[in-house]
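Computed over heavy atoms, backbone and side chain alike; hydrogens, waters and symmetry mates excluded. Position 1 is the first residue of the sequence, and the numbers go up from there. None of the values given here were measured: they were computed from a predicted structure.
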Amino acid sequence: MGNGLFNSAAVLYFTLVVHLPAAQVGLGLTIAGLTGLLAGIPAGNLADRYGPRTVWLTTLAIQAATMAAFVFIHSWVTFTLIAALDRLAATASGAAGGALIARAGGERPAAFRARLRTFVNLGVVLGTLGSAFAVSVDTRPAYTALILANAASFACAGLIALIGVPNYQPLPRPREHHGWAVLADRPYLSFVALYGAMGLQYQTVSLLLPIWLSAHTDAPRWTVAAVYAVNSGVCVLIQSRIGSRVESPRQGGRAFRLAGLLFLVSCPLMALTADVPAWVAPGLAVLAVCVHSLGEVWESSGGYAIGFGLAPDHAQGQYQGLFGIGFDAGQALAPVILTAAVLGLGHAGWLLLGAFFAALGAAGPPVAAWAERTRPTSQDTAGAAQGRSGEAPLLDAN
């Protein structure tokens, strides 16, 4: 919810209140995003060695401090430094949080993660609605309140975790384990690359489609807001239901394939909004986003099933750290790729984008099958039983 409060108004704060040029803000955020990638695997190793909750609480404290520090920035250098520290903490938080989810989710971490995503989406929607007030007021105190509220949200999350989440102890590690073992796991590396590339679909709705609707169609301006609302609403309504059906890596591969086919349908529908009357375009855009959102839910559910299912229990932090790096790298490249390829080619670009997603989805089942063949047989039997003995799943089997 805190991120929803701040993220939708962040660029306005940095440009209109701090008076940084938009190009400098973009450059600073890019530098910060790339710097943040460095924290993924080291933070995951710390979570595996000292316990995920300890590392996660530390990252929340750092994010609370860096977010509050944005109130005091006056130059591009300080903005970039604070943003880089914030991204390092956020990446570390993702790695430790992934390891924590793997333990808290018991024998069904993918389904547990899918259910969590429902609340994440709901929180972002509520936070975004709250940020609308500050944007409408458009004063420094209003934006400052958003920033401090987001900082407080990290502190609040840490307090909840400290009180309500068990302090899981590190699991025993085999002698051959080392801090960069994930980089030698070629099937998992292949999946991370696949997931990072498929992650372009998120900004297809949040970035590409709004630009397309504004510049190439006669759709009313409120269509952009409707697109956001429909995308979030569909994900909130069906994420848990679909996520509970996708648990094994093999099921995750099939979910990836289905997601690619749905994107193959949604992308041409988005392109067609430029070829219909103004009164038809909003309905067509909503239909396209419904199809795309359904694909998004299948894609995320498949990603969770493969990402958790292929990782050794004793190295979930390290593996989730790489998983987050792949996703974040894809998100960093998405604006350049989508705007250059799709907007530059027009309708043909949309068709190529849909075909690209379908090809990535088709690769899901063979990559998952390859990865499953390379897993140690003990991971699903004795190792899992020993590693998780005494831990009660926090998610029922419904």
*asked:* I'd like to know whether Cys267 forms a side chain to side chain contact (heavy atoms under 4.5 Å, CB included) with Phe356, so could you lay out the CA-CA distance, the side-chain angles of the two residues, the decisive distance to 0.1 Å, and finally the verdict.
replied: CA-CA 10 Å; Cys267 287; Phe356 174 70; over 6 Å; no
_Distance-minimising heavy-atom pair for Pro52 and Leu100_ = CB-N, 3.6 Å
*Using a 4.5 Å cut-off on heavy atoms from C-beta on, say whether the side chain of Asp328 contacts that of Arg87.*
no
*Can you tell me if CZ on Arg140 sees more than 12 non-hydrogen neighbours from other groups inside 6.0 Å?*
yes
*So do the side chains of Leu183 and Ile41 get within less than 4.5 Å of each other, counting heavy atoms only?*
yes
*Would Leu209 and Leu351 show up in the same hydrophobic cluster when neighbours are defined by side-chain heavy atoms closer than 4.5 Å?*
no
*Within-4.5 Å side-chain heavy-atom neighbours: Phe323 and Phe308*: no
*Can you measure from CD1 (Ile242) to CG (Leu294) and round to the nearest 0.5 angstrom?*
5.0 Å
*So which heavy atom on Gly40 is nearest to which on Ala95, and how close?*
O-CB, 3.5 Å
*Point-to-point distance, once rounded to the nearest 0.5 Å, from CE of Met1 to CG of Leu122*: 7.0 Å
*asked:* Could you measure the distance from the CG atom of Leu200 to the CG atom of Leu353? Nearest 0.5 Å is fine.
replied: 7.5 Å
*asked:* Would a single hydrophobic cluster contain both Val55 and Val165, if residues Ile, Leu, Val, Met, Phe, Trp and Tyr are joined by side-chain heavy-atom contacts under 4.5 Å?
replied: no
*Verify, without hydrogens or angle tests, whether Gln320 (side chain) and Gly307 (backbone) share a donor-acceptor contact under 3.5 angstrom.*
yes
*Side-chain contact, heavy-atom cut-off 4.5 Å: Pro277 with Asp218?*
no
*Taking only residues two or more places apart in sequence, or in another chain, which ones meet Thr66 in a side chain to side chain donor-acceptor pair (under 3.5 Å)?*
Asp86
*Rounded to the nearest 0.5 Å, how far does OG of Ser232 lie from CD of Glu296?*
8.5 Å
*Just grab all the ring-ring contact (aromatic ring centres under 6.0 Å, His included) pairs involving residues 242-293, residues at least two apart or on different chains.*
Phe263-His292, Phe263-Phe357
*asked:* Whether the side chain of Thr273 engages the backbone of Met270 through a donor-acceptor N/O pair (distance < 3.5 Å, no angle test) should be reported.
replied: yes
*Side chain to side chain, Asn167 and Gln169, heavy atoms closer than 4.5 Å*: yes
*Does Glu299 reach the main-chain N or O of Gly295 with its side chain, forming a donor-acceptor pair under 3.5 Å?*
no
*For the hydrophobic clusters of this structure (ILVMFWY residues joined by side-chain heavy atoms under 4.5 Å, transitively), does one cluster hold both Leu258 and Val205?*
yes
_hydrophobic_cluster_shared for Ile325 and Leu85, side chain cutoff 4.5 Å_ = no
*Donor-acceptor pair, Ser93 side chain versus Ala89 backbone, under 3.5 Å?*
no
_Side-chain touch Cys156/Ile160, heavy atoms, less than 4.5 angstrom_ = yes
*asked:* Quick check: closest heavy atoms across Leu310 and Tyr319, and the distance to 0.1 Å?
replied: O-CE2, 4.2 Å
_Contact summary for Ser293 and Val230, nearest pair of heavy atoms_ = OG-O, 4.4 Å
*Arg53 side-chain N/O to Leu162 backbone N/O, donor-acceptor pair under 3.5 Å*: yes
*Below 4.5 Å, heavy atoms only, C-beta onward: do Val17 and Thr144 meet side chain to side chain?*
no
*Where is the tightest heavy-atom contact between Asn45 and Gln318, given as atom of each residue plus distance?*
OD1-NE2, 3.0 Å
*Sequence neighbours left out, what pairs pass side-chain hydrogen bond (donor to acceptor under 3.5 Å, both in side chains) with at least one residue falling in residues 148-161?*
Asn150-Ser153
*side-chain hydrogen bond (donor to acceptor under 3.5 Å, both in side chains) pairs, two or more places apart, involving residues 336-357*: Asp275-His347
_Testing the basics here: between Ala151 and Ala68, what is the closest heavy-atom pair and its distance to 0.1 Å?_
CB-N, 3.9 Å
*Find out whether Pro249 and Phe191 are in side-chain contact, i.e. whether some heavy atom of one side chain is under 4.5 Å from a heavy atom of the other.*
no
_Quick check on the 6.0 Å ring-centre criterion: do Tyr202 and Phe327 meet it?_
yes
*asked:* For Arg257, give me all partners under salt bridge (Lys or Arg N to Asp or Glu O under 4.0 Å), at least two apart in sequence or on another chain.
replied: none
*Can any side-chain N or O of Gln203 pair as donor or acceptor with the backbone N or O of Gln331 at less than 3.5 Å?*
yes
*asked:* Side-chain heavy atoms nearer than 4.5 Å, only ILVMFWY residues, links allowed to pass through others: does that put Leu237 and Leu126 together?
replied: no
*Rounded to the nearest 0.5 Å, what separation is found between the CG atom of Leu262 and the SG atom of Cys290?*
12.0 Å
*Nearest 0.5 Å, what's the OH-CG distance between Tyr195 and Leu360?*
13.0 Å
_Within residues 49-104 or reaching into it, pairs that qualify as ring-ring contact (aromatic ring centres under 6.0 Å, His included) - sequence neighbours excluded_ = Phe14-Phe70, Phe14-Phe79
_Working note: Leu261 + Val265, criterion side chain to side chain contact (heavy atoms under 4.5 Å, CB included); need CA distance, chi angles, decisive distance, verdict._
CA-CA 7 Å; Leu261 293 176; Val265 174; over 6 Å; no
*asked:* Determine whether a donor-acceptor pair (N or O, by modelled atom type, separation under 3.5 Å) exists between the side chain of Gln24 and the backbone of Pro21.
replied: no
*Could you check Val276 against Thr217 for side chain to side chain contact (heavy atoms under 4.5 Å, CB included), going step by step and ending with a plain yes or no?*
CA-CA 8 Å; Val276 297; Thr217 77; over 6 Å; no
